[in-house]
Protein chains: 2
Amino acid sequence: MTTEKPDIGATAKAPRRKRRKEARPGEIIAAGLLEFADKGYAATRLDDVAKRAGVAKGTIYRYFDDKQALFLAAVQSHAVPTVGLLEKFVTEFDGTTRELLNQLFRIVHAKLVQGDLQILMRIIITEGRHFPELTELYYKEGVSKGQAILAKIIKRGIERGEIRDDAAAALPIIILAPAIMAIIWKMTFNHLHPVDPDTFFAAHVDLVLNGLLVHEPKV
Amino acid sequence: MTTEKPDIGATAKAPRRKRRKEARPGEIIAAGLLEFADKGYAATRLDDVAKRAGVAKGTIYRYFDDKQALFLAAVQSHAVPTVGLLEKFVTEFDGTTRELLNQLFRIVHAKLVQGDLQILMRIIITEGRHFPELTELYYKEGVSKGQAILAKIIKRGIERGEIRDDAAAALPIIILAPAIMAIIWKMTFNHLHPVDPDTFFAAHVDLVLNGLLVHEPKV
DNA sequence: ATGCTTATTGACTTAATAGTCATTATCATG
DNA sequence: CATGATAATGACTATTAAGTCAATAAGCAT
């Protein structure tokens, strides 16, 4: 508290003020995202965001109109490039459906469940109701495209005779349900009952590919 | 706004004040629960809760120490009798695992996804992080017991030769993942892309029981 | 009816924080 | 080195909502 904050990678010897028109918005956004994710929109104080970003509160208002503008900027800054990546991956893939899903789930768990997008998921889930435009944005950019990819995988699988006819066709996103559950679990109960990420992943793959039941040859 | 609020089931003809020591706490709790679920803890105003409950703000403080006490009382008032019910149901059931899970999922969807417990799920998911004691309570009363029930079902299924050896044994709760996904979907995207409850239910049953893949007799 | 207890009220006080702005410090430029 | 432009500051104001309490009135007891 009493120590000067370390000037990360700065060459000068820490003047008490620093003009950094370029770097500031990004730093404020990063700080804001963390605070919003931690406390929720209503409960985060801009003073805390400022402190975390290493600026005074007034500085925030040089770059953002108000608290909501900062919030929207913060959430939107985390674009959704992962979806585009997945799209390409799926289109070009030519192995078995089993392998395709295995890889897909691996990426989803790495990015959404464990990775940096997890924080975004939490915000959408907890604050989405209060920011309809935001939910809509993420629905359009992320969810609906994701669904299209899943639908394509399922169609492909059915055509190749690897996926049961019509399985999950009415609700493709259900094959990601275990990943969503993992996110919720991490958000809420993981500290009381820690679950290993690999356990989530393995259970996901196993359940979705094979289901629960013993499969006897149809008589 | 200008009309008198209808006095629900009252016999007297609406005096401007009414003394109802017994009924008040429950009404305030009910109103609070709705407001908290809708706005989130930080953003709900006790004036709104009071208005919804048909009392003055001061009255809230006769029955609850402060906002947080009301919140905790509201959430805890929705006890978790469903779990006990499930426990009995599962213990006494003696049909096939397929039928058992079908019934179980039906209850879960009726109560958790669509029913009155949905509101509680939303609160735990969105506010749990800020109220550790609450999360702990629900973990102990609801989640851990629910997990035990699921574990029992799986064990039973394996013993009866109906469930694949070790399937979901490491993470029993995963068989409810589609229901959890349904809750999240309803919370966030349902207004943009409505999904029929039966679709959720059917997809849940189908995925968990059968998985995605075509099951050829093992060669 | 009369009086007494206390549930209820809502105006008031207090606390917290979003948002403002006059002042100050930094730095590019000549 | 002096100077103008402006990024940054933080004390200040405005606003909102939690929490208080003296006054009021419902309804019970006598």
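A note on names: the letters A, B, ... follow the listed sequences, proteins ahead of strands, and every chain is numbered from 1.
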### Message
Just N and O in the side chain of B:Arg62: are any of them under 4.0 Å from OP1 or OP2 of C:dA7?
### Response
yes
### Query
Between C:dT23 atom C1' and A:Arg17 atom CZ, what is the distance in whole Å?
8 Å
### Task
Round to the nearest Å and state the distance from A:Lys51 atom NZ to D:dG10 atom P.
12 Å
### Message
I want to verify a distance call: between C:dG19, C:dT9, D:dA7, whose nearest atom is closest to the A:Lys67 side chain?
### Response
C:dG19
### Message
Among D:dA7, D:dA23, C:dG19, which nucleotide has an atom closest to any side-chain atom of A:Asp66?
### Response
C:dG19
### Message
Check this for me, if you would: do A:Arg129 and B:Asp38 make a salt bridge, where the nitrogen-to-carboxylate-oxygen distance has to be below 4.0 angstrom?
### Response
yes
### Query
How do A:Thr59 and B:Lys21 order along DNA chain C: which one's closest nucleotide is nearer the 5' end?
B:Lys21
### Task
Could you tell me whether the side chain of B:Arg24 has a donor or acceptor atom within less than 3.5 Å of a complementary atom in the base of C:dT8?
no
### Summary
Ranking D:dA26, C:dG10, D:dA7 by distance to the side chain of B:Ala56, first place goes to C:dG10
### Between A:Phe131 and A:Phe71, ring centroids under 6.0 Å
yes
### Query
CD1 of B:Ile60 versus C1' of C:dA7: gap in Å, rounded?
15 Å
### Gap between atoms CG and P, on A:Asp65 and C:dA18 respectively (whole Å)
16 Å
### Proximal nucleotide (of C:dT20, D:dG19, D:dG10) relative to the A:Tyr61 side chain
C:dT20
### Task
Describe the nucleic acid contact of B:Phe64 in one word from base, sugar-phosphate, nothing, applying a heavy-atom distance below 4.0 Å.
nothing
### Query
Rounded to whole angstrom units, what separation is found between the NZ atom of B:Lys39 and the C1' atom of D:dA17?
13 Å
### Query
Has the side chain of A:Lys57 got a donor or acceptor that lies under 3.5 Å from a partner of the other kind on the base of C:dG19?
yes
### Summary
Whole-Å distance, A:Asp47 CG to D:dG10 P, equals 11 Å
### Message
For B:Glu27, is there an ion pair with B:Arg52 - N to carboxylate O distance below 4.0 angstrom?
### Response
no
### Query
D:dA17 phosphate, OP1 or OP2: any side-chain N/O from B:Arg45 under 4.0 angstrom?
yes
### Summary
In whole angstroms, the gap separating P of C:dC27 from CD of A:Glu22 amounts to 14 Å
### Query
When you check the gap from the basic side-chain N to the acidic O, do A:Glu35 and A:Arg45 get nearer than 4.0 Å?
no
### Summary
Between the CG atom in A:Leu209 and the CD1 atom in A:Ile175, the distance rounded to the nearest 0.5 Å is 9.0 Å
### Minimum heavy-atom distance B:Ile163-B:Ala167, with the two atoms named
CG2-CB, 4.2 Å
### hbond_proxy A:Lys18 side chain to D:dA7 base (donor-acceptor, 3.5 Å cutoff)
no
### Query
Of the nucleotides D:dA18, C:dT8, C:dA25, which has the atom closest to the B:Leu46 side chain?
D:dA18
### Task
Among the candidates C:dT8, D:dA8, D:dA7, find the nucleotide nearest to the side-chain atoms of B:Arg20.
C:dT8
### Task
To the nearest Å, give me how far apart CD1 (B:Ile28) and C1' (C:dT9) are.
13 Å
